[in-house]
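The next block holds one structure in the form of structure tokens; read it before the comments.
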Amino acid sequence: MKKIWLITALALGLLALSACSGESGDDPKTSGAALAPAHGTAASSGSIPFLGESELDQYLKANAGKPTMLFFWATWCPSCKQQIPELAELQKTRGDGINVIALSVDENEDALKRYLDKHPLGVPVYWGDQALARKFRVEAIPTLVIFDKNGKQIFAQAGVFPGSMLGAMADNLNQ
């Protein structure tokens, strides 16, 4: 319970931070349309792996015992680009204790591939659909969703998180 309070307290600090606004799923370009499935973690390896609701459930089951941070983002979002280096550093320093996943909600896989060719993220990248974004009530990006070691969602908040806050969250999840 102390972990949840600490995470919640840290999240309140995000109120002053901005996120790219607009409800996912209500974008006129993608409303009601699921993004096409894909595979591979870098543009050079082909298509980007698809992560929908059932794939996420499978991922969480396969990674039971290790918390997961799921980061909803898009290549066109300035705040998302600001968050990516912090996630890469978290993956580098604490990747043995926590899974970090970047889930793109870009409508065009080719745009995502081009972006990844120029800017590798340093974390596993998946391509998601609007149904998954709606499930977690993603109304702005970036949004961070955290799952505990048992795959139970314990946190969801839009905004940019400083690296120190992400590190503290990761440390608390592993206590």
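Residue numbers count from 1 along this sequence.
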Heavy-atom closest pair (Pro142 atom, Val160 atom, distance to 0.1 Å) is CG-CG2, 4.1 Å
Minimal non-hydrogen separation, Ile141 against Ala74, with atom names: CD1-CB, 3.5 Å
Measure the shortest side-chain to side-chain distance between Leu56 and Leu70 over non-hydrogen atoms and say whether it is less than 4.5 angstrom. yes
Listed partners of Asp171 passing side-chain contact (heavy atoms from CB on, under 4.5 Å), at least two apart: Arg94
Any side-chain heavy atom of Phe155 within less than 4.5 Å of one from Met69? no
Note: Asp129 and Leu132 closest approach over all heavy atoms is OD1-N, 2.9 Å
Nearest heavy-atom approach of Ile146 to Met169 is CD1-SD, 3.8 Å
Report the distance from atom OH of Tyr59 to atom CD1 of Ile101, rounding to the nearest 0.5 Å. 3.5 Å
Within-4.5 Å side-chain heavy-atom neighbours: Glu53 and Lys135: yes
Under 4.5 Å between any side-chain heavy atoms of Gln91 and Pro124, yes or no? yes
Can you name the ring pair (Phe, Tyr, Trp, His ring centres under 6.0 Å) partners of Phe147, sequence neighbours left out? Phe136
Nearest 0.5 Å, please: how far is CD in Glu109 from CG in Leu112? 7.0 Å
Got Glu86 and Leu166 here, is their nearest side-chain heavy-atom distance under 4.5 Å? yes
Gap separating the CG atom of Asn63 from the CG atom of Asn99, nearest 0.5 angstrom: 4.5 Å
Below 30° counts as parallel, above 60° as perpendicular, anything between as tilted: where do the rings of Trp73 and Phe71 land? parallel
Looking at Leu60 and Gly151, what are the two nearest heavy atoms and their distance? CD1-O, 3.8 Å
Test item: Ile48 and Ser104 side chains (from C-beta on) under 4.5 Å apart, heavy atoms: no
Going by heavy atoms in the side chains, are Gln83 and Cys80 under 4.5 Å from each other? no
Residues in side-chain hydrogen bond (donor to acceptor under 3.5 Å, both in side chains) contact with Gln58, at least two apart in sequence or another chain: none
Please find the pair of heavy atoms, one from Trp127 and one from Asn108, that lie closest to each other, and give the distance. CZ2-C, 3.9 Å
Could you measure the distance from the CD atom of Gln153 to the CG atom of Asp148? Nearest 0.5 Å is fine. 10.0 Å
Side chains of Lys149 and Asn174: closer than 4.5 Å at any heavy-atom pair? yes
